[in-house]
Amino acid sequence: MGKIISIINQKGGVGKTTTAVNLSAYLADKGYKVLLIDTDSQGNATSGLSKKVKFRSDLYEVLLNDEIIENAIVKTDVRKLFLLPASIDLAGAEIEMVSLPRREFLLKEKLQSIKDDYDFILMDCPPSLGLMTLNTLVASEFVLIPIQAEFYALEGLSQLVKTIKSVTRRLNPSLDILGILLTMFDGRTNLSIQVAEEVKRYFGTKLFKTVIPRSIKLSEAPGFGESVLTYAPKSKGAEAYKKLCREVIKRG
Ligand SMILES: Nc1ncnc2c1ncn2[C@@H]1O[C@H](COP(=O)(O)OP(=O)(O)OP(=O)(O)O)[C@@H](O)[C@H]1O
Ligand SMILES: [Mg+2]
């Protein structure tokens, strides 16, 4: 079966990686076998998930040097959670991909041999709508869009929705929006509440009921190469991602 979800927003710093890492960890904790694919050359999901893990290969090698995908996937400290890492090598990948045939389908084709081995495959996208992100959209069944509850949050969203619609029309008719997630929410500020209302008006029931609060533990955890599940399981950030995990399972 294998649900494939990309965590996407071309806006930087909205909580994509934090969501990808922690949602993956909670899905694995629930007993699902999960693969997290880091598709961002910043490699934040890779370093945030495990400092101790050594990897020989990465997504760049899989996409552009014919590395066998199974060989690039590594175990993490979380049981049932696996990682396909990214490194800075991926920064030049888009330029190399442009000239390849079926350039939007490279990732989808690489996933064919392993997608049935996992209950969930999550992809952490880079902050752009370039060819790498397009590859994740083509390979996915769902997108999850984190939106930061801040002033410029809605800027660029119409472009994102347009891109998703265009991919659905031209390249991947089975793509759907799984949900919109409000992140870094601060219920004490009018601004957060206003943004929440605006997002609700725009996306209606696509908005997840779960809202991720601003939580210092969420920002500290990656420094230790851990998800919040092991770093601070009782924190309010952890509680929120646990709740989101339940909602994702219901919707998926
Ligand atoms: N709920 C939260 N509470 C507090 N800090 C958070 C929260 N979510 C994310 N952060 C912090 O905000 C910063 C940006 O988050 P993150 O890296 O997840 O965003 P991103 O969308 O993946 O960024 P990029 O576009 O660069 O890939 C990080 O320092 C992260 O630790
Ligand atoms: Mg990121």
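Atoms within a ligand are numbered from 1 in the order they appear, just like the ligands themselves. Sequential numbering from 1 along the given sequence is applied to the chain's residues.
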Q) Heavy atoms, side chains only, cut-off 4.5 Å: are Pro127 and Gln42 in contact? A) yes
Q: Decide, yes or no, whether a salt bridge links Asp66 with Lys110 under the criterion of side-chain N to carboxylate O below 4.0 Å.
A: yes
Q. What about Ile212: any of its N or O atoms under 3.5 Å from an N or O on ligand 1?
A. no
Q: From atom 1 (N) of ligand 1, work out which of Ser215, Gly237, Pro213 has a heavy atom at the shortest distance.
A: Pro213
Q | atom 9 (C) of ligand 1: any protein heavy atom closer than 4.0 Å | A | yes
Q | Atoms in ligand 1 with a heavy atom of Asp40 nearer than 4.0 Å | A | 27 (O)
Q. Does any N or O atom in Gly12 lie less than 3.5 angstrom from one in ligand 1, N or O only?
A. no
Q. Are any of the side-chain heavy atoms of Ile7 and Pro146 separated by less than 4.5 Å?
A. yes
Q. Passes side chain to side chain contact (heavy atoms under 4.5 Å, CB included), Asp124 versus Thr39? Steps please.
A. CA-CA 6 Å; Asp124 183 28; Thr39 74; 5.7 Å; no
Q) Under 3.5 Å, N or O to N or O, is Arg214 touching ligand 1 that way? A) no
Q: Write out the residue and atom name of the closest protein heavy atom to atom 2 (C) of ligand 1, then the distance separating them to 0.1 Å.
A: Met184 CG, 3.5 Å
Q | Sidechain N-carboxylate O distance under 4.0 Å for Glu247, Arg251 | A | yes
(Q) When you compare the side chains of Ser192 and Asp186, does any donor N or O come within less than 3.5 Å of an acceptor on the partner? (A) no
Q.
With heavy-atom distances below 4.5 Å as the criterion, would you say the side chains of Lys115 and Ile4 are in contact?
A. yes
Q) Going by distance only, is there an N or O of Cys125 that falls short of 3.5 Å from an N or O of ligand 1? A) no
Q | Protein contact of atom 19 (O) of ligand 1 - nearest heavy atom, named by residue and atom, plus distance | A | Gly15 N, 3.0 Å
Q) Against heavy atoms of Leu218, which atoms of ligand 1 measure under 4.0 Å? A) 1 (N), 2 (C)
Q.
Test of understanding: given a 4.0 Å heavy-atom threshold, classify the contact between Asp124 and ligand 1 as side chain, backbone, both, or neither.
A. neither
**Q.** Subset of ligand 1 atoms that lie under 4.0 Å from at least one heavy atom of Gln42
**A.** 24 (P), 26 (O), 27 (O)
**Q.** Short side-chain donor-acceptor distance under 3.5 Å, Ser174 and Asn172
**A.** yes
Q. How about atom 4 (C) of ligand 1: does it have a protein heavy atom within less than 4.0 Å?
A. yes
Q: Determine whether the side chains of Glu61 and Ser57 contain a donor N or O and an acceptor N or O closer than 3.5 Å.
A: no
Q | Protein contact to atom 23 (O) of ligand 1 [nearest heavy atom, distance to 0.1 Å] | A | Gly13 N, 3.0 Å
Q) Counting each atom of ligand 1 from 1 as listed, which ones have a heavy atom of Val14 under 4.0 Å away? A) 19 (O), 20 (P), 21 (O)
Q: Measure up the Tyr231 and Phe224 rings against each other and bin them: parallel (under 30°), tilted (30 to 60°), perpendicular (over 60°).
A: parallel
Q. Is the Mg ion (ligand 2) less than 2.8 Å from an N/O/S atom of Asn44, whether that atom is in the backbone or a side chain?
A. no
**Q.** Test of proximity, Thr18 against ligand 1: N or O pairs below 3.5 Å
**A.** yes
(Q) Give me the nearest non-hydrogen protein atom to atom 11 (C) of ligand 1 as residue plus atom name, then the distance to 0.1 Å. (A) Ser219 CB, 4.2 Å
Q.
Do Glu197 and Tyr202 pair up side chain to side chain, a donor and an acceptor below 3.5 Å, judged on atom types alone?
A. no
Q | atom 29 (O) of ligand 1 protein-contacted (non-hydrogen atom, under 4.0 angstrom) | A | no
Q) Is Lys16 in polar range of ligand 1, meaning some N or O pair under 3.5 Å apart? A) yes
Q: Do me a favour and list the nearest non-hydrogen protein atom to atom 17 (O) of ligand 1 with residue, atom name and distance?
A: Thr17 CB, 4.0 Å
(Q) Please work out, at 4.0 Å between heavy atoms, whether the side chain, the backbone, both, or neither of Pro126 comes within that distance of ligand 1. (A) neither
(Q) Do Ser227 and Tyr26 pair up side chain to side chain, a donor and an acceptor below 3.5 Å, judged on atom types alone? (A) no
Q) Does the side chain of Tyr118 come within less than 4.5 Å of Ile73's, by heavy atoms? A) yes
